[in-house]
Participant: 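Attaching a single structure in C-alpha cells format; questions to follow.
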Amino acid sequence: MARSRFERELEELNTGLIKLGTKTEQLMTASAKSLVDQNVEQALSVIEDEREIKMLASEIEQQSMQILLMQQPVASDLRKITTALKATTDIRRIADQSKDIAEIVINLCEEEDYTTPTDIRKMAESTKQMLSRCIESFVNMDIEIAKEVIEMDNIVDELFLKAKAALIALIRKNAKKADEAIYLMMIAKYLEKIGDHAENVAQWVIYCVTGERKIRKIKKTGEDGKDTRLKP
C-alpha cells in the first residue's frame with residue numbers, strides 16, 4: 001500500500017514537471033516571437049504568464065521535498081526526485097530569462113526600426129529546439145535525446161560569439177545604434193543561458209537513468225581564452 005502511494009506521488013510529480021516544461025516552452029516561443037515581431041503586447045503577456053509558471057515550479061519543489069521527507073526512497077527513486085528538483089530549477093530559470101527577454105523587447109520597441117540580427121534569430125530557434133528536446137528526453141527518460149541536446153548547446157555558443165562580434169562592430173560603426181546593440185547583446189546572453197539550462201536538464205536525465213552525472217568536457221571560451229562555461 002505504501003509503495004503504491006509512493007509510486008502515485010512520483011507519477012503526479014512527473015506530470016507536474018511535464019506541465020511546467022510545456023508551459024515554459026510556450027512562454028519562450030512567445031518571448032522570441034515578440035522580439036522578431038516587435039510586439040509589445042505579446043511581450044507584456046509573457047511577463048504576466050511567467051507568474052503562473054513560477055507558482056507551478058514552487059508547487060513541484062514543495063511536492064518533491066514532501067516526498068523526500070515522508071517517504072524513504074531507494075536509490076533509483078531518489079534519483080528521480082533529485083532529477084525533478086534540479087530540472088524544475090533549470091526550467092524555472094528558463095522561464096525567468098524568457099521574461100527578461102520580453103522586458104528588453106519592450107525597451108527595444110522604443111528604438112527606431114530595430115532589426116533582430118540573423119544570428120540571434122538562429123539562437124532563439126536553436127534554444128527553442130533544445131528546450132523541446134530536453135523536455136522530450138525527460139518525459140521518455142531517453143539518454144540519446146539528452147545527448148543530442150548537449151551537442152546542440154555548442155551551436156548556440158557559436159552563434160552567441162558571432163552575434164556578439166557583429167553587435168560590437170555595429171557600435172563601432174554607428175554610435176547611435178549603441179543602445180539597440182546593448183539590448184540585443186543582453187538578449188543574446190539570455191538565450192545562451194537558456195541553452196545552458198536546457199543542457200543541464202538533459203544532463204540530469206542522464207543521471208536519472210544511469211546514476212552518473214555527465215559533465216561536458218568541451219570548454220566554452222571567450223575572446224580572452226578563459227573558460228566561460230556555466231557550471232551545472
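Values below: every heavy atom of this structure, side chains too, minus hydrogens, waters and symmetry copies. Predicted model, so just to flag it, every value in this text is computed and none were measured. The first residue in the sequence is number 1, and the count goes up from there.
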Participant: Measuring from atom CG of D157 to atom CG of D196, what distance do you get when rounded to the nearest 0.5 angstrom?
Facilitator: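 The CG atom of D157 sits 6.0 Å away from the CG atom of D196.
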Participant: Can you confirm whether more than 12 heavy atoms, excluding those of E52, are under 6.0 Å from its CD atom?
Facilitator: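 Atom CD in E52 is not crowded, with 12 or fewer foreign heavy atoms closer than 6.0 Å.
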Participant: I'd like to know if the side chain of Q38 reaches the main chain of Y114, judged simply by a donor and an acceptor atom lying under 3.5 Å from each other, with no hydrogens or angles considered.
Facilitator: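 Yes.
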Participant: Once you round to the nearest 0.5 Å, how far does OG1 of T118 lie from CE of M123?
Facilitator: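 Nearest 0.5 Å value for the OG1-CE distance: 13.5 Å.
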Participant: Let's go through H197 and Q97 carefully: what are the C-alpha distance in whole Å and the side-chain angles of both, what is the deciding distance for side chain to side chain contact (heavy atoms under 4.5 Å, CB included) to 0.1 Å, and is it a yes or a no?
Facilitator: CA-CA 10 Å; H197 289 304; Q97 286 149 3; 3.3 Å; yes
Participant: Report yes or no: does T210 contribute a side-chain atom to a donor-acceptor pair with the main-chain N or O of I206 at less than 3.5 Å?
Facilitator: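 The answer is yes, because a donor-acceptor pair under 3.5 Å joins these two groups.
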Participant: Heavy-atom distance under 4.5 Å between the side chains of I120 and F160, does that happen here?
Facilitator: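 In short, these two side chains do not touch, never coming nearer than 4.5 Å.
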Participant: Looking at CE of M55 and CD of E59, how far apart are the two atoms once the value is rounded to the nearest 0.5 Å?
Facilitator: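 Between M55 CE and E59 CD, I get 6.0 Å after rounding to 0.5 Å.
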Participant: Could you check L85 against T88 for side chain to side chain contact (heavy atoms under 4.5 Å, CB included), going step by step and ending with a plain yes or no?
Facilitator: CA-CA 5 Å; L85 275 168; T88 298; 5.8 Å; no
Participant: I'd like to know if K128 and E125 make a salt bridge, using a cut-off of under 4.0 Å between side-chain N and carboxylate O.
Facilitator: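 Between E125 and K128 there is a salt bridge, with a charged N closer than 4.0 Å to a carboxylate O.
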Participant: Among M186, K99, M185, whose side chain to side chain contact (heavy atoms under 4.5 Å, CB included) with I104 holds?
Facilitator: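 The option that passes is M186.
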Participant: Taking the side chain as everything from C-beta on, heavy atoms only, tell me whether I81 gets closer than 4.5 Å to L10.
Facilitator: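 Yes - at least one pair of side-chain heavy atoms lies under 4.5 Å apart.
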Participant: Evaluate the salt bridge (Lys or Arg N to Asp or Glu O under 4.0 Å) criterion for residues E180 and K177: first the C-alpha distance (whole Å), next the side-chain angles of each, then the deciding distance (0.1 Å), finally the verdict.
Facilitator: CA-CA 5 Å; E180 176 183 326; K177 290 284 188 177; 3.1 Å; yes
Participant: Hey, what do you get for CZ (F6) to CD1 (I67), rounding to the nearest 0.5 Å?
Facilitator: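 It is 6.5 Å, given to the nearest 0.5 Å.
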Participant: Would you say the side-chain atoms of T24 and R92 include a donor-acceptor pair closer than 3.5 Å?
Facilitator: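 The criterion, which ignores hydrogens and geometry beyond distance, is not satisfied for R92 and T24.
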Participant: Do side-chain atoms of T22 reach the backbone of I18 as a donor and acceptor pair under 3.5 angstrom?
Facilitator: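 Yes.
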Participant: Rounded to the nearest 0.5 Å, how far apart are CD of E158 and CG of D119?
Facilitator: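 Going from CD on E158 over to CG on D119, the span is 11.0 Å.
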Participant: Where is the tightest heavy-atom contact between S34 and V105, given as atom of each residue plus distance?
Facilitator: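 Scanning both residues completely, I find the closest heavy atoms to be O-CG1, 3.5 Å.
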Participant: Are any of the side-chain heavy atoms of W204 and D90 separated by less than 4.5 Å?
Facilitator: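 Contact flag for W204/D90 side chains = yes.
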Participant: Does any non-hydrogen side-chain atom of Q203 lie less than 4.5 Å from one of E199?
Facilitator: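 They are in side-chain contact.
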Participant: Just by distance, do the side chain of N140 and the backbone of D142 share a donor-acceptor pair under 3.5 Å?
Facilitator: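 Flag not set: sc N140 to bb D142 has no pair under 3.5 Å.
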Participant: Applying side chain to side chain contact (heavy atoms under 4.5 Å, CB included), run through T15 and E11 and close with a yes or a no.
Facilitator: CA-CA 6 Å; T15 300; E11 183 62 31; 3.9 Å; yes
Participant: Tell me the closest heavy-atom pair linking G16 and I60, and the distance in Å.
Facilitator: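 Residues G16 and I60, closest heavy atoms: O-CD1, 3.3 Å.
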Participant: What is the minimum heavy-atom distance between P117 and L167, and which atoms define it?
Facilitator: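 Smallest interatomic distance, heavy atoms only, reads CG-CD2, 4.2 Å.
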Participant: Taking L184 as the starting point, is it possible to reach V36 by hopping between hydrophobic residues whose side chains are less than 4.5 Å apart?
Facilitator: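 Per the 4.5 Å side-chain linkage, V36 and L184 are not co-clustered.
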Participant: Could you tell me the separation between the CD atom of E103 and the CG atom of L108, rounded to the nearest 0.5 Å?
Facilitator: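 Output value for this atom pair is 12.5 Å.
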Participant: Okay, side chain of R93, backbone of I194: is any donor-acceptor separation there less than 3.5 Å?
Facilitator: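 Checked: no pair found.
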Participant: So N200 and K86, do their side chains get closer than 4.5 Å, heavy atoms only?
Facilitator: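 Result no, sub-4.5 Å side-chain heavy-atom pair not found.
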Participant: For residues M130 and L161: do they belong to one hydrophobic cluster (side chain heavy atoms under 4.5 Å, members Ile, Leu, Val, Met, Phe, Trp, Tyr)?
Facilitator: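 The answer is yes; both residues are in one hydrophobic cluster.
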Participant: Check the hydrophobic clustering (I, L, V, M, F, W, Y; side-chain heavy atoms under 4.5 Å; chains of links allowed) and say if I145 and I94 are grouped together.
Facilitator: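 Unlinked, I145 and I94 end up in two clusters.
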Participant: Determine the minimum heavy-atom distance between L13 and S64, stating which atoms define it.
Facilitator: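 Minimum heavy-atom separation between L13 and S64: CD1-OG, 3.2 Å.
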Participant: Given 3.5 Å as the limit, does a donor-acceptor pair link the side chain of S132 with the main chain of Q129, or not?
Facilitator: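 Checked: no pair found.
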Participant: Are Y183 and I47 in one and the same hydrophobic cluster, where Ile, Leu, Val, Met, Phe, Trp and Tyr link if side-chain heavy atoms are under 4.5 Å apart?
Facilitator: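 Not linked; separate clusters.
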Participant: Using the test side chain to side chain contact (heavy atoms under 4.5 Å, CB included), find all partners of M141 that sit at least two apart in sequence or belong to another chain.
Facilitator: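 M141 satisfies side chain to side chain contact (heavy atoms under 4.5 Å, CB included) with F138, V205, C208, V209 once adjacent residues are dropped.
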Participant: Shortest non-hydrogen contact from S137 to A146?
Facilitator: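 Closest approach of S137 to A146: CB-N, 3.7 Å.
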Participant: Should I91 and L17 count as side-chain neighbours, where that means a heavy-atom distance under 4.5 Å?
Facilitator: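 Answer yes - side chains close enough.
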Participant: What verdict does the side chain to side chain contact (heavy atoms under 4.5 Å, CB included) test give for I101 and K189, after you've listed the backbone C-alpha separation in whole Å, the side-chain angles of each residue and the deciding distance to 0.1 Å?
Facilitator: CA-CA 10 Å; I101 290 172; K189 189 61 182 176; over 6 Å; no
Participant: If I compare all heavy atoms of A181 with all of I171, which pair ends up nearest, and what's the gap?
Facilitator: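 A181 and I171 have their closest heavy atoms at CB-CG1, 3.5 Å.
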Participant: For L27, is there any backbone N or O sitting under 3.5 Å from a side-chain donor or acceptor partner on S31?
Facilitator: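 Not a single qualifying donor-acceptor pair exists.
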Participant: With a 4.5 Å limit on heavy-atom distance, are the side chains of D96 and E50 in contact?
Facilitator: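 SC-SC contact between D96 and E50 confirmed.
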